[in-house]
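First the structure, then my questions, so here it is.
Labels below follow one simple rule: chain letters A, B, ... track the order of the sequence lines, proteins then strands, and each chain is numbered from 1. Computation of the quantities below employed the complete heavy-atom set of this structure, encompassing side-chain atoms and omitting hydrogens, waters and symmetry-equivalent molecules.
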2 protein chains.
Amino acid sequence: MVAMNISHAAKLSGVSAKMIRHYESAGLIPAAARTGAGYRLYTLDDVHRLAFIRRARAVGFGTEDIRQLLSLWQNRQRPARDVKRLAVEHLQQLQARIADLEAIADTLSHLIGHCHGDERPDCPILDSLAADSAASAAARKDTPRRKKAQ
Amino acid sequence: MVAMNISHAAKLSGVSAKMIRHYESAGLIPAAARTGAGYRLYTLDDVHRLAFIRRARAVGFGTEDIRQLLSLWQNRQRPARDVKRLAVEHLQQLQARIADLEAIADTLSHLIGHCHGDERPDCPILDSLAADSAASAAARKDTPRRKKAQ
DNA sequence: GCTTGACCTTCCCATGATGGGAAGGTTTAG
DNA sequence: CTAAACCTTCCCATCATGGGAAGGTCAAGC
């Protein structure tokens, strides 16, 4: 098997045909060779590259990170330090996102804990979202040229 | 102050003018009254509604959730149970996302721990992303009509 | 009265990864 | 020859947010 078309490469690599074309247009993979009719042709090397991308995506790397990882992967001389630095930065971003989400979840969890959740209409969750306190705080900073429009 | 224009409402509510227009087009807020010249006019009630939306966004609710929360907020008779159910569902989704991210972070963290990160070129992080093992697994399932294209 | 600057309006575009789907060409089996 | 299963490119949608252009409006200062 020297060459295969896109859906076969998709099955082998685990990357959808749609995304293979996308990665090509994004420059993560070189433009595929074409048949006379214009069909893309892939080799096993291409499939490996695609699978690499799929695994990198699975651990959350974005397009630009992957571009760098691919470049480091190709370069047999690169110091492992460069790869590790990229991974550590990415991990830190992940942890920051996790921390943000946990803060949100804690807030929500707290609100939920205070809501009896039965038939009665009073609800601390809505009360908290409606809280007027913070709304007027930002108002002091503006210097409106006029108090009303029109 | 009976009415104000959009930038003032933005300052008071903490929602950008851009997003106020967006929420209007999305139907989260009623279409604003207009001056003769077509300028939008807002009341303090509108500002409260906008601030409500801002706080709901801050705890991660999406547009459709907020639409329901606003409707529950307006309805004085609603049972707190309905609000709580919405919040609990949202919290569960948040927790699921957090769990996903944590799994990714753990994997990455593990890889990083195995990488010496110095000048040498051997790097378990890249090795793992390049791992051939999983790549060929999916291949057995397909029944290619032809082995090669062209 | 005219200019200036700070507003306002609508419309289009971009993000990032992914997929849906249309319109139309190609290949191969039957 | 036809039908099915491919392939191609192009456009659109997600989700919330903002940037920016083109053009209209308003208040203030001269």
Under 4.0 Å from OP1 or OP2 of C/dC8: is there any side-chain N or O of B/Asn5 that close? yes
Under a 3.5 Å threshold, yes or no: a donor from one side chain and an acceptor from the other, between A/Thr43 and A/Asp46? yes
Between A/Glu24 (CD) and D/dC10 (P), how many Å, whole number?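 Spelled out: CD on A/Glu24 to P on D/dC10 is 12 Å.
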OP1 or OP2 of D/dC7 less than 4.0 angstrom from a side-chain nitrogen or oxygen of A/Ser7, does that happen here?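 A/Ser7 to D/dC7 OP1/OP2: side-chain N or O found under 4.0 Å.
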Heavy atoms from C-beta onward define the side chain here; which of C/dT26, D/dG20, D/dA16 lies closest to that of B/Lys18? D/dG20
Measure CZ/B/Arg21 against C1'/D/dT17 and give the value in whole Å, please. 13 Å
Between P of D/dT17 and CD1 of B/Ile53, the distance in whole Å: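 Whole-Å distance recorded here is 10 Å.
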Below 4.0 Å: OP1/OP2 of D/dA16 and any side-chain N or O of B/Thr63: yes
Taking atom CG of B/Leu69 and atom CD1 of B/Ile53, what is their separation to the nearest 0.5 Å? 10.5 Å
D/dG19 P sits how many Å from B/His22 NE2, rounded? 15 Å
Taking only the side-chain nitrogens and oxygens of B/Arg40, find out if one of them lies under 4.0 Å from OP1 or OP2 of C/dT10.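 Result: yes.
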Measure distances between side-chain N and O atoms of A/Tyr39 and base N and O atoms of D/dC6, and say whether any donor-acceptor pair falls under 3.5 Å.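 A donor-acceptor contact between them is present.
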Heavy atoms only, 4.0 Å cut-off, all strands: where does A/Tyr23 land among base, sugar-phosphate and nothing? sugar-phosphate
Nucleotide nearest B/Met19 (side chain, heavy atoms from C-beta), chosen from C/dT18, D/dC7, D/dT17: D/dT17
Nearest-angstrom distance from the residue atom CZ of B/Arg97 to C1' of D/dC15: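 Result: 11 Å.
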Could you check how far CE of A/Met4 sits from P of C/dT27, rounded to whole Å? 19 Å
Expressed in angstrom and rounded to an integer, what is the separation of A/Ile20 atom CD1 from D/dT9 atom C1'?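 Distance check: A/Ile20 CD1 to D/dT9 C1' gives 16 Å.
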Among D/dT9, C/dC7, C/dA17, the one nearest A/Arg34 by side-chain distance: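 Nearest listed nucleotide: D/dT9.
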Could you tell me which non-hydrogen atom of B/Met19 sits nearest to which non-hydrogen atom of B/Val15, and how far apart they are? CB-CG1, 3.7 Å
Kindly say if B/Ser16 contacts the phosphate of D/dG18, meaning a side-chain N or O under 4.0 Å from OP1 or OP2. yes
Is B/Glu64 paired with B/Arg67 through a side-chain N to carboxylate O contact shorter than 4.0 Å?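 The answer is yes: the pair qualifies as a salt bridge.
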For B/Phe61 and for A/Tyr42, locate the closest nucleotide of DNA chain D by heavy-atom distance; then report the residue assigned to the nucleotide nearer the 5' terminus. A/Tyr42
To the nearest Å, give me how far apart NE2 (B/His8) and C1' (D/dC26) are.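 Rounded to whole Å, this separation is 17 Å.
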Could you check if a side-chain atom of A/Ile98 sits within less than 4.5 angstrom of a side-chain atom of B/Glu102, using non-hydrogen atoms only? yes
